[in-house]
Novice: 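Structure in structure tokens, see below.
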Amino acid sequence: MANLNGTTSDLRTEFLKVYSVLKSELLNDPAFEWTDGSRQWVERMLDYNVPGGKLNRGLSVVDSYKLLKEGKDLTEEEVFLASALGWCIEWLQAYFLVLDDIMDGSHTRRGQPCWFRVPKVGMIAVNDGIILRNHIPRILKKHFRTKPYYVDLLDLFNEVEFQTASGQMIDLITTIEGEKDLSKYSLPLHRRIVQYKTAYYSFYIPVACALLMAGENLEKHTGVKDVLIDMGIYFQVQDDYLDCFGEPEKIGKIGTDIEDFKCSWLVVKALEHCNEEQKKILFEHYGKADPADVAKIKALYNDINLQGVFAEYESKSYERLTKSIEAHPSKAVQAVLKSFLGKIYKRQK
């Protein structure tokens with residue numbers, strides 16, 4: 001476990017070993033009397049939903065902690081604990097996705113059927129989501145109970161979960177069937193949805209976990225939080241852009257924001273840049289599933305040069321974020337933030 005100075009694939013392999021340890025602890029949790037059937041169910045559910053993604057959120061806890069330790073070699077225990085916190089974030093992500101897919105009636109996730117679409121699973125997936133959510137405090141209790149920052153970790157996960165669920169709520173009530181009204185879509189609304197639904201759990205929590213492990217007080221790092229939230233918003237704008245203009249081979253999915261009437265950055269920007277004629281086209285064709293309607297929206301996006309608008313947004317955001325990062329007094333914290341920004345700037349997927 002100690003070799004963490006190797007390649008990314010080594011890191012990933014070491015990280016996955018920690019998953020196996022945590023899984024086996026959870027499948028033998030003394031608070032429940034297990035049967036073969038229940039143990040097999042939970043194991044299959046975990047393997048299907050937890051380790052399948054890119055693992056960026058989880059791995060970045062380990063990365064960030066290493067950078068905060070400024071090149072000192074980590075002990076095996078430190079590597080294990082940072083990885084365990086990373087997995088708690090992956091568990092949180094799995095819990096959100098299992099339930100999100102049910103709410104959205106989605107069909108596939110990470111290239112396979114959504115968990116609730118798997119034969120014999122169906123609505124049991126709702127309870128599985130609750131179990132995933134409850135695994136997080138079990139992992140924290142087993143490995144962090146004696147740490148001085150234990151309560152801060154519990155607080156952090158509770159708060160971020162609340163923020164994410166509240167962001168999901170704004171997103172859901174904005175797109176209620178029969179109340180589709182483009183005129184309520186604006187940049188501030190887009191920002192609020194993204195900040196709460198994505199930025200906290202994708203960008204802030206991995207760094208916050210690393211800071212707590214390094215003995216830092218989160219209240220002294222509100223500036224770091226602001227930069228990470230800003231980065232999360234920039235990341236989602238990229239996502240909205242790639243949903244429409246990305247190559248499906250590269251991004252691994254076919255975008256459906258236009259059909260789904262999503263409060264996407266693109267449609268908000270289109271509303272700003274359109275003339276009255278073009279606005280009519282937007283109002284008439286946005287949010288319709290027919291490919292002809294979608295094509296009309298995409299043509300309009302090209303007419304008003306949204307690709308150019310995005311390119312300008314991207315370079316300005318990068319400049320602004322770099323400035324904020326370089327203003328931070330700690331070089332180690334700067335390194336953490338720069339590493340995040342480097343991973344997402346000008347990404348294609």
Side-chain angles (χ1 to χ4, degrees), residues 16 18-55 57-58 83-145 150 153-173 175-177 193 196-198 200-202 205 209 253 260:
L16 283 164
V18 177
Y19 168 74
S20 303
V21 174
L22 298 175
K23 178 175 79 170
S24 113
E25 290 169 352
L26 291 163
L27 294 175
N28 294 287
D29 193 315
F32 178 63
E33 272 187 43
W34 294 90
T35 58
D36 289 346
S38 58
R39 198 176 264 121
Q40 279 161 5
W41 180 275
V42 174
E43 176 161 32
R44 175 173 165 238
M45 184 270 288
L46 289 176
D47 287 345
Y48 197 93
N49 294 297
V50 178
K54 298 189 282 288
L55 307 182
R57 293 172 181 83
S83 301
L85 289 180
W87 279 113
C88 286
I89 301 170
E90 294 294 337
W91 247 267
L92 187 67
Q93 158 89 329
Y95 148 61
F96 289 141
L97 298 185
V98 164
L99 296 180
D100 265 13
D101 287 341
I102 298 171
M103 289 179 242
D104 295 344
S106 302
H107 289 271
T108 56
R109 163 77 63 189
R110 296 169 173 169
Q112 56 182 10
C114 298
W115 177 238
F116 81 99
R117 300 256 180 214
V118 171
K120 296 192 184 148
V121 176
M123 284 304 119
I124 299 175
V126 175
N127 193 63
D128 289 333
I130 296 170
I131 287 178
L132 286 165
R133 159 68 183 92
N134 278 280
H135 278 168
I136 298 166
R138 309 302 295 164
I139 295 170
L140 293 176
K141 182 176 177 182
K142 176 137 183 89
H143 295 285
F144 296 91
R145 199 178 158 77
Y150 176 57
L153 277 177
L154 291 175
D155 270 351
L156 175 67
F157 275 89
N158 285 336
E159 184 145 313
V160 167
E161 183 195 355
F162 168 66
Q163 288 166 320
T164 308
S166 302
Q168 170 75 343
M169 174 210 34
I170 314 172
D171 196 13
L172 292 168
I173 64 177
T175 49
I176 291 174
E177 277 304 321
I193 292 173
Y196 290 103
K197 188 181 163 175
T198 306
Y200 283 103
Y201 93 95
S202 300
I205 202 173
C209 284
K253 60 185 177 189
D260 296 341

Novice: Is it true that Arg117 and Asp101 make a salt bridge, defined as a side-chain N closer than 4.0 Å to a carboxylate O?
Specialist: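 Salt bridge: no.
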Novice: Can you name the residues that form a side chain to side chain contact (heavy atoms under 4.5 Å, CB included) with Asp260, not counting sequence neighbours?
Specialist: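 With neighbours one apart ignored, the set is Thr256, Lys262.
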Novice: Say you draw a straight line from CD of Gln93 to CH2 of Trp87; how long is it, rounded to the nearest 0.5 Å?
Specialist: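 So the CD of Gln93 and the CH2 of Trp87 are separated by 11.5 Å.
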Novice: Would you please classify the geometry between the Tyr19 ring and the Trp91 ring as parallel, tilted or perpendicular, with 30° and 60° separating the classes?
Specialist: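 Plane angle between 30° and 60°, so tilted.
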Novice: Going from CG on Asp171 to CG on Asp104, what distance comes out if it is rounded to the nearest 0.5 angstrom?
Specialist: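 One gets 8.0 Å once the value is rounded to the nearest 0.5 Å.
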Novice: If you compare all heavy atoms of Val118 against all heavy atoms of Pro113, which two are closest, and at what distance to 0.1 Å?
Specialist: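 Scanning both residues, the minimum pair turns out to be CG2-O, 4.5 Å.
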Novice: Between Ile170 and Ile193, which heavy-atom pair has the shortest distance, and what is it?
Specialist: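 Closest approach of Ile170 to Ile193, heavy atoms only: CG2-CG1, 3.9 Å.
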Novice: Less than 4.5 Å apart, side chain to side chain, heavy atoms only: is that true for Gln163 and Tyr201?
Specialist: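 No - every pair of side-chain heavy atoms lies 4.5 Å or more apart.
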Novice: Could you list the residues that satisfy ring pair (Phe, Tyr, Trp, His ring centres under 6.0 Å) with Phe144, not counting sequence neighbours?
Specialist: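 Residues passing ring pair (Phe, Tyr, Trp, His ring centres under 6.0 Å) with Phe144: none at all.
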Novice: Under 3.5 Å, is there a donor-acceptor pair between the side chain of Arg109 and the main chain of Cys114?
Specialist: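 Looks like no, no N/O pair under 3.5 Å.
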Novice: For Lys141, give me all partners under side chain to side chain contact (heavy atoms under 4.5 Å, CB included), at least two apart in sequence or on another chain.
Specialist: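 Lys141 satisfies side chain to side chain contact (heavy atoms under 4.5 Å, CB included) with Arg145, Tyr150 once adjacent residues are dropped.
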Novice: List the residues meeting ring pair (Phe, Tyr, Trp, His ring centres under 6.0 Å) with Tyr196, not counting sequence neighbours, and say none if there are none.
Specialist: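 Per chain and number, Tyr196 pairs via ring pair (Phe, Tyr, Trp, His ring centres under 6.0 Å) with Tyr200.
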Novice: In Å, rounded to the nearest 0.5 Å, how long is the span from NZ of Lys23 to CG of Asn28?
Specialist: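 Reported value, rounded in 0.5 Å steps: 11.5 Å.
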Novice: Is any side-chain heavy atom of His135 less than 4.5 Å from a side-chain heavy atom of Leu46?
Specialist: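 Contact flag for His135/Leu46 side chains = yes.
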Novice: Please report the shortest heavy-atom distance between Cys209 and Ile89, naming the atom on each side.
Specialist: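 That would be SG-CD1, 4.2 Å.
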Novice: Measure the CG-SG distance between Leu22 and Cys88 for me, rounded to the nearest 0.5 Å.
Specialist: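 Here the rounded value is 7.0 Å.
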Novice: Taking side chain as C-beta onward, heavy atoms only, is Leu85 less than 4.5 Å from Leu153?
Specialist: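 Yes, at least one pair of side-chain atoms sits under 4.5 Å.
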Novice: With rounding to the nearest 0.5 angstrom, report the CG to CD1 distance, Asn134 to Ile139.
Specialist: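 Taking CG in Asn134 and CD1 in Ile139, the distance rounds to 11.0 Å.
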Novice: Taking CZ in Phe32 as the centre, count heavy atoms belonging to other residues, nucleotides or ligands within less than 6.0 Å. Is the count above 12?
Specialist: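 More than 12 within 6.0 Å, yes.
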Novice: If you compare all heavy atoms of Val18 against all heavy atoms of Ser83, which two are closest, and at what distance to 0.1 Å?
Specialist: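 Looks like CG2-CB, 3.6 Å.
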Novice: Tell me the closest heavy-atom pair linking Asn49 and Arg110, and the distance in Å.
Specialist: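 So the minimum-distance heavy-atom pair works out to O-NH1, 3.0 Å.
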Novice: Could you label the plane-to-plane angle of the Tyr48 and Trp115 rings as parallel, tilted or perpendicular, counting under 30° as parallel and over 60° as perpendicular?
Specialist: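 Tyr48 and Trp115: tilted rings.
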Novice: Would you mind reporting whether Phe96 and Gln168 have side-chain heavy atoms less than 4.5 Å apart?
Specialist: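 Answer no - side chains too far apart.
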Novice: Working note: Leu16 + Leu55, criterion side chain to side chain contact (heavy atoms under 4.5 Å, CB included); need CA distance, chi angles, decisive distance, verdict.
Specialist: CA-CA 10 Å; Leu16 283 164; Leu55 307 182; 4.2 Å; yes
Novice: Among residues at least two apart in sequence or on other chains, which ones pass ring pair (Phe, Tyr, Trp, His ring centres under 6.0 Å) with Phe116?
Specialist: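 In terms of ring pair (Phe, Tyr, Trp, His ring centres under 6.0 Å), with neighbours along the sequence ignored, Phe116 is linked to no residue.
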Novice: As an exercise, state the distance from CG of Asn127 to CG of Leu132, rounded to the nearest 0.5 Å.
Specialist: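 Going from CG on Asn127 over to CG on Leu132, the span is 10.0 Å.
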Novice: For Asp29, enumerate each residue passing the side chain to side chain contact (heavy atoms under 4.5 Å, CB included) test, keeping only those at least two apart in sequence or located in another chain.
Specialist: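 Asp29 satisfies side chain to side chain contact (heavy atoms under 4.5 Å, CB included) with Ala31, Trp34, Arg138 only.
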Novice: So, for Arg39 and Leu27, which heavy atoms are closest and what is the spacing to 0.1 Å?
Specialist: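 Nearest pair, atom of Arg39 first, then Leu27: NE-O, 2.8 Å.
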